Amino acid sequence: MTTVTLIYGDGIGKEVVGATKKIIDATGVKINWEVCEAGADVFKRGIASGVPEETLESIKRTRLVLKGPLETPVGHGEKSANVTLRKLFETYANVRPVREFPGIETPYKGRHIDFVIVRENVEDLYAGIEHMQTPGVAQTLKLITRKGCEKIVHFAFELAKAEGRKTVHCATKANIMKFSEGMLKRAFEDVAKQYPDIESKHIIVDNCAHQLVRTPEAFDVIVTTNMNGDILSDLGSGLVGGLGFAPGANLGSDIAIFEAVHGSAPLFAVKNVINPIAVLLSGVMMLRHISEFEAAYTIEQAVLATLEDGVYTEDVKKDAGAVSTTDFTDAIIERFGRTSEAWAKRDYKKIKMTTLAPDRDYVKTQTRQAVGLDIFLETTQDVEVLGADLKAMIADMPLTLKMIGSRGVKVFPSVGGLLPDMVDHCRARFLRSDDQEMDQPLCLDLLKRIGEKYTWMHIERLNVFDGDNGFSKAQGED
Ligand code: NAP
């Protein structure tokens with residue numbers, strides 16, 4: 001018997017998770033459901049993570065979660081309980097299948113849409129590392145690791161293998177963010193060589209959005225960074241009928257959390273009208289994860305048969321004739337054993353989770369040298385005066401002031417006398433004028449001198465790894 005941590009969640013959670021539990025139980029698969037709490041009531045009790053200790057203990061034990069949506073309090077300070085769960089348990093792969101459903105009217109009807117978005121789930125802008133650098137300037141750090149990229153790319157290819165899919169697209173914004181988004185592109189190109197039977201293609205993410213709207217049937221698997229994946233997967237659910245039809249899974253090496261893409265839809269709660277398909281198909285993904293392939297197939301086919309018979313919930317059928325969530329649930333169970341031609345039968349296998357070297361210094365270099373320092377200043381000083389001041393401060397140091405930048409654009413020395421719309425925030429770039437190391441004592445001396453006249457709030461060491469600059473140039477910087 002498999003034990004699963006079951007979290008009903010908030011809003012419509014009780015109805016959609018309740019329906020899913022009833023349908024899974026009806027297949028005869030033996031599951032011991034360990035019901036646990038998370039979400040709104042937990043926040044109200046003053047637990048800032050929204051996830052109590054008992055729930056964490058249960059997940060550590062069962063390593064399998066089926067959950068409903070959790071409300072995120074809108075305010076300052078509270079973190080999303082969903083994000084907490086995904087991160088605490090390092091469920092680095094967010095899987096969101098997008099498939100056309102029979103009988104659901106969309107502009108794409110008959111196009112046989114059938115692709116999976118594999119979204120990196122723990123890094124990127126969603127690491128939540130944010131600072132107000134000045135009262136009017138905010139910063140969010142976009143941290144992307146080579147190890148995280150390799151893990152998600154391996155996962156995407158392994159998913160393609162497990163589901164018999166032929167192509168993996170990697171969608172990035174590597175043309176602009178050459179280091180962070182470029183990290184995923186480079187990892188993709190390297191890892192793809194280990195999967196010669198699967199076609200690999202890189203696509204710029206904005207073009208990917210465009211192509212998904214024009215020819216969604218051309219996609220099979222799309223692997224992408226966290227925020228890109230968040231946006232593309234909602235686009236995907238829009239193609240096939242909306243959030244009521246968008247299942248999902250968060251998978252890590254050890255723990256798997258299955259949940260729909262949608263939230264708690266509070267307006268629909270306790271009305272017995274909501275569509276349970278998204279959570280139910282998340283449950284189907286869970287059944288495949290525990291190798292209950294037959295039960296998964298039975299449910300999936302019964303869902304298709306129910307829709308083919310014109311039995312819908314209110315989100316699909318606005319007029320009278322829509323059935324309640326509970327009647328829809330029973331209608332699916334009544335159709336166990338029916339099969340549908342709507343979805344090509346796949347020979348699903350369990351997805352292999354690739355294990356990478358555990359080294360914390362995952363990428364090793366032959367050589368590395370710190371060659372300079374970027375210092376971020378809060379100032380409204382005229383840039384010519386600021387430039388002259390900073391130059392005077394380093395006159396007796398082995399440093400040059402390479403440039404001053406404002407919002408990514410070089411403003412000193414000025415480019416053709418043009419200045420962008422300046423704010424109280426700039427970056428001064430210092431480079432060593434000899435080939436020695438920009439060591440800590442020199443950095444500290446520089447910060448001390450600048451701090452005597454200006455307010456600095458952020459620094460960034462400039463490194464060269466194996467001969468390659470580990471920092472970008474400002475617009476206009478030579
Ligand atoms: P939402 O709950 O997903 O609802 C947005 C709209 O999508 C709903 O008003 C609804 O109606 C439609 N919808 C959602 N689920 C549906 C279903 N099962 N069947 C049919 N239609 C469905 O998004 P939200 O209102 O932005 O968020 C509400 C709360 O949920 C927030 O606190 C948010 O933080 C949280 N949330 C949690 C998760 C999670 O737990 N993973 C994910 C997202 C949001 P119409 O389209 O008819 O208007």
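Ligands are counted one by one from 1 in listed order, and the atoms in each one are counted from 1 as well. Scope of the values below: all heavy atoms of this structure, side chains included, with no hydrogens, waters or symmetry mates. For clarity, every value in this text was computed on a predicted model and none was experimentally measured.
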Look up [atom] and tell me if a protein heavy atom lies less than 4.0 Å from it?
atom	answer
atom 48 (O) of ligand 1	no
atom 32 (O) of ligand 1	yes
atom 10 (C) of ligand 1	yes

Residues R86, E259: salt bridge by 4.0 Å N-O rule: yes
Salt-bridge contact R119-D124 (side-chain N to carboxylate O under 4.0 Å): no
Just jot down the ligand 1 atoms closer than 4.0 angstrom to any heavy atom of [X], in number order.
X	value
F268	8 (C), 9 (O), 10 (C), 11 (O), 47 (O)
E71	32 (O)
R86	41 (N)
V261	42 (C), 43 (C)
L243	3 (O), 7 (O)

Does [X] reach ligand 1, in the sense of a heavy atom lying below 4.0 Å from it?
X	answer
K67	yes
V16	no
E15	no

Side chain to side chain donor-acceptor pair (under 3.5 Å) assessment of T5 paired with T62: CA-CA 6 Å; T5 302; T62 65; 2.7 Å; yes
From R186, K193, K185, residue fulfilling salt bridge (Lys or Arg N to Asp or Glu O under 4.0 Å) relative to E189: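 When salt bridge (Lys or Arg N to Asp or Glu O under 4.0 Å) is applied between E189 and each of R186, K193, K185, only K185 qualifies.
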Residue that, paired with K151, satisfies salt bridge (Lys or Arg N to Asp or Glu O under 4.0 Å) out of E123, E158, E90: E90
Less than 6.0 Å separating the ring centroids of [X] and [Y]?
X	Y	result
H169	F219	yes
F258	H289	yes
Y348	F293	no

Of the listed options A269, A265, G13, closest to atom 2 (O) of ligand 1 (non-hydrogen atoms):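 Minimum heavy-atom distance to atom 2 (O) of ligand 1 goes to A265.
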Shortest heavy-atom approach to atom 17 (C) of ligand 1 - which of I277, I274, T325: I274
Name the closest protein heavy atom to [atom], giving the residue it belongs to and the distance to 0.1 Å.
atom	value
atom 39 (C) of ligand 1	N82 ND2, 3.2 Å
atom 34 (O) of ligand 1	T72 OG1, 3.2 Å
atom 14 (C) of ligand 1	H262 CB, 3.6 Å
atom 1 (P) of ligand 1	G263 N, 3.5 Å
atom 18 (N) of ligand 1	N275 O, 2.9 Å
atom 28 (C) of ligand 1	S264 OG, 3.7 Å
atom 25 (O) of ligand 1	P266 CD, 4.6 Å

Do any N/O atoms on [X] end up under 3.5 angstrom from N/O atoms on ligand 1?
X	answer
L70	yes
E259	yes
I12	no

Passing option when K22 is tested against I332, L280, T329 for side chain to side chain contact (heavy atoms under 4.5 Å, CB included): T329
Any donor-acceptor N or O pair under 3.5 Å, side chains T140, E130: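 Short answer, yes.
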Polar side chain donor-acceptor pair, R461 to N463, under 3.5 angstrom: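 The criterion, which ignores hydrogens and geometry beyond distance, is not satisfied for N463 and R461.
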Main-chain N/O of M227 paired with T225 side-chain donor or acceptor, under 3.5 Å: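 Looks like no, no N/O pair under 3.5 Å.
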Y92 and F155 aromatic ring geometry - parallel, tilted or perpendicular at 30°/60° bounds: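 The rings of F155 and Y92 stand perpendicular, inter-plane angle above 60°.
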Stepwise side chain to side chain donor-acceptor pair (under 3.5 Å) test for Y312 and N275: CA-CA 8 Å; Y312 303 119; N275 184 352; over 6 Å; no
